[in-house]
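Residue numbers count from 1 along this sequence. Numbering of ligands and ligand atoms starts at 1, following listing order.
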Amino acid sequence: MAEARIIDGKAFAATLRGRIAGAVQRLRTEKGLVPGLAVVIVGENPASQIYVKNKGEQSREAGFHSVTHRLAEATTQDDLLRLVAQLNADPAIHGILVQLPLPPQIDAMAVLAAIDPDKDVDGFHVVNAGRLAVGLPALVPCTPLGCLMLLKDALGDLRGREAVVVGRSNIVGKPVAQLLLQADCTVTIAHSRTADLQAVCRRADILVAAVGRPEMVRGSWIKPGATVIDVGINRVPARDPALAAQGKSRVVGDVAFEEARMVAGAITPVPGGVGPMTIACLLLNTLTAACRGAGVPVPDEVGA
Ligand code: GUN
């Protein structure tokens with residue numbers, strides 16, 4: 001069997017960002033509308049710092065009004081809730097993202113619940129989770145939205161396909177399952193307590209791995225020709241023991257890529273697969289929120 005086609009999420013995301021930038025330029029000149037994104041980060045988590053920097057840079061590159069609020073590690077929940085209330089009331093801001101994780105003195109669910117659902121560009125508010133579940137227009141979590149865009153590009157119509165999602169988080173597993181269901185797949189959500197996980201995975205025409213365990217899904221778990229979407233971003237020691245001893249690391253997915261590519265029909269690499277789609281979909285959600293807020297249609301060219 002031929003090796004799997006590699007799904008180039010990096011290139012897909014760059015094209016999407018380009019289309020969003022074009023749409024933003026047109027909205028600015030034709031309607032005087034500039035989508036505004038506020039990103040809030042509390043504390044010094046190094047991975048969060050990188051994500052937030054990238055979100056700010058890419059939103060500015062796309063022509064958005066972009067603000068980043070950097071709050072101290074010791075920020076209280078009340079202080080953060082006051083900032084969220086201020087952003088909810090700010091007409092120049094259409095999207096609010098509070099980077100997770102938050103320090104232990106802050107209840108993340110309380111903060112997410114305080115964000116105006118129509119500005120909730122992460123799609124984490126229970127109102128958006130509910131809208132997605134019942135098929136109403138929702139702001140959909142960015143990584144799941146990115147997965148679906150890649151799948152539709154790779155496969156076209158998803159109707160009737162057997163989809164298995166490994167992982168049941170609120171951020172990825174559950175919403176990606178909802179989106180696959182909406183696309184008329186037959187959906188199974190598998191998790192750490194699933195009996196005979198390998199056999200369940202082997203049924204999948206579409207396998208989405210979102211468990212956060214390095215290279216857990218092996219080649220032998222994959223149905224020949226299946227499309228594999230690897231959401232994992234796991235840091236592991238470098239392959240070379242000398243480099244590993246110096247503390248050097250590399251990033252791998254939840255799928256054992258070298259094995260999986262010999263079996264799958266198509267597969268996303270890590271890095272360069274789903275990861276770049278997340279910020280592109282954040283921009284798409286912010287554009288969507290801005291258009292809905294202003295009562296103008298979301299431009300066709302972004303393929304929303
Ligand atoms: N932390 C890691 N991923 C995400 C994300 O998609 N959104 C937010 N708000 N925090 C995160």
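- We find the CG-CD1 distance between Asn45 and Ile50 to be 9.5 Å, quoted to the nearest 0.5 Å.
- Annotation: atom 11 (C) of ligand 1 to nearest protein heavy atom, Gln99 NE2, 3.3 Å.
- Put simply, Val111 and Val127 are part of two different groups of oily side chains (I, L, V, M, F, W, Y) that touch within less than 4.5 Å, one to the next.
- Under the 3.5 Å distance criterion, with hydrogens and angles disregarded, no donor-acceptor pair is assigned to the side chains of Thr288 and Asn285.
- Other residues, nucleotides and ligands contribute over 12 non-hydrogen atoms within 6.0 Å of the CZ atom of Phe12.
- Counting atoms of ligand 1 from 1 in the listed order, those under 4.0 Å from a heavy atom of Leu97 are 9 (N).
- Looking only at heavy atoms of the protein, atom 5 (C) of ligand 1 is closest to Asp122 OD1, 3.9 Å.
- For atom 10 (N) of ligand 1, the closest non-hydrogen atom on the protein side is Leu100 N, 2.9 Å.
- Considering backbone and side-chain atoms alike, Ile171 places every N or O at 3.5 Å or more from each N or O of ligand 1.
- Between Glu3 and Arg261 there is a salt bridge, with a side-chain nitrogen of the basic residue lying less than 4.0 Å from a carboxylate oxygen of the acidic one.
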